[in-house]
Amino acid sequence: MSNAHKDFTHTLQCLLSKKLPESKAKSLKDSGYDIKNPTGYDAVMVALFEKAISGDLSAIKELRSITFGETTSQSGVLIVDDTAKPP
């Protein structure tokens with residue numbers, strides 16, 4: 001991993017772990033999320049949750065990945081070409 005990538009990751013983690021500004025915390029509370037001392041992580045997870053419950057498939061997959069550690073679907077369909085002639 002490059003130094004620039006490490007710096008970016010560190011900065012992002014710092015931003016996400018910071019306490020939300022009062023206006024954003026109030027917005028979460030007004031939306032029905034009573035989170036004590038909300039951080040950027042909380043805000044991002046609420047936004048992801050909101051997208052998922054609205055039916056956004058990519059958000060649903062991301063929540064599944066975070067919750068269950070799954071990165072790919074095991075229930076996919078496999079199409080086999082059984083009409084091809086053997087060599």
Side-chain angles (χ1 to χ4, degrees):
M1 187 181 325
S2 71
N3 281 342
H5 187 265
K6 287 179 186 176
D7 290 344
F8 175 79
T9 301
H10 176 74
T11 300
L12 183 57
Q13 288 172 342
C14 288
L15 289 170
L16 287 170
S17 64
K18 287 182 77 167
K19 182 179 175 187
L20 281 182
E22 201 56 42
S23 62
K24 299 244 185 238
K26 184 178 179 337
S27 177
L28 283 178
K29 188 167 185 140
D30 291 347
S31 296
Y33 299 101
D34 192 15
I35 302 169
K36 191 172 186 146
N37 301 316
T39 65
Y41 282 112
D42 297 312
V44 169
M45 291 312 299
V46 166
L48 181 60
F49 174 76
E50 290 285 333
K51 293 288 277 183
I53 63 172
S54 75
D56 184 308
L57 188 56
S58 63
I60 293 168
K61 287 179 180 179
E62 186 62 27
L63 277 180
R64 182 183 63 201
S65 173
I66 292 167
T67 305
F68 302 109
E70 298 175 10
T71 57
T72 60
S73 173
Q74 299 298 320
S75 62
V77 175
L78 175 64
I79 299 174
V80 178
D81 183 5
D82 59 354
T83 61
K85 295 180 182 177

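From a predicted model like this one, the values you see are computed outputs, not experimental measurements. No hydrogens, no waters, no symmetry mates; every other heavy atom, side chains included, goes into these values.
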Quiz item: How long is the gap from OG on S27 to OH on Y33, to the nearest 0.5 Å?
Solution: 10.5 Å
Exercise. With rounding to the nearest 0.5 Å, note down the distance linking CG in D34 to CG in L28.
Key: 10.0 Å
Quiz item: Rounded to the nearest 0.5 Å, how far apart are OG of S54 and CD1 of I60?
Solution: 7.5 Å
Quiz item: How many angstroms lie between CG in L63 and CD1 in I53, if you round to the nearest 0.5 Å?
Solution: 10.0 Å
Quiz item: How far apart are the C-alpha atoms of K61 and R64, what are their side-chain angles, what is the distance that settles it, and do they pass the side chain to side chain contact (heavy atoms under 4.5 Å, CB included) test?
Solution: CA-CA 5 Å; K61 287 179 180 179; R64 182 183 63 201; 4.0 Å; yes
Quiz item: Should F49 and L20 be regarded as members of a common hydrophobic cluster, given that ILVMFWY residues are connected when their side-chain heavy atoms come within less than 4.5 Å of each other, either directly or indirectly?
Solution: yes
Pairs of donor and acceptor atoms involving the side chains of residues 36-47, under 3.5 Å and at least two apart or interchain, shall be tabulated with distances.
unit_1 : atom_1 : unit_2 : atom_2 : d
T39    : OG1    : Y41    : N      : 3.2
T39    : OG1    : D42    : N      : 3.4
T39    : OG1    : D42    : OD2    : 3.3
D42    : OD2    : T39    : N      : 2.8

Self-check item: Contact list for residues 48-57, test salt bridge (Lys or Arg N to Asp or Glu O under 4.0 Å), sequence neighbours left out
Solution: K51-D56
Quiz item: Atom CD of Q13 and atom NE2 of H10: how far apart are they, to the nearest 0.5 Å?
Solution: 8.0 Å
Self-check item: Closest non-hydrogen atom pair between C14 and S17, with its separation
Solution: O-OG, 3.1 Å
Exercise. Flag the pair K24 / P21 as yes when at least one side-chain heavy-atom distance between them is below 4.5 Å, and no otherwise.
Key: yes
Practice problem: List for me each residue that meets side chain to side chain donor-acceptor pair (under 3.5 Å) alongside D7, sequence neighbours excluded, and say none if there are none. | Solution: none
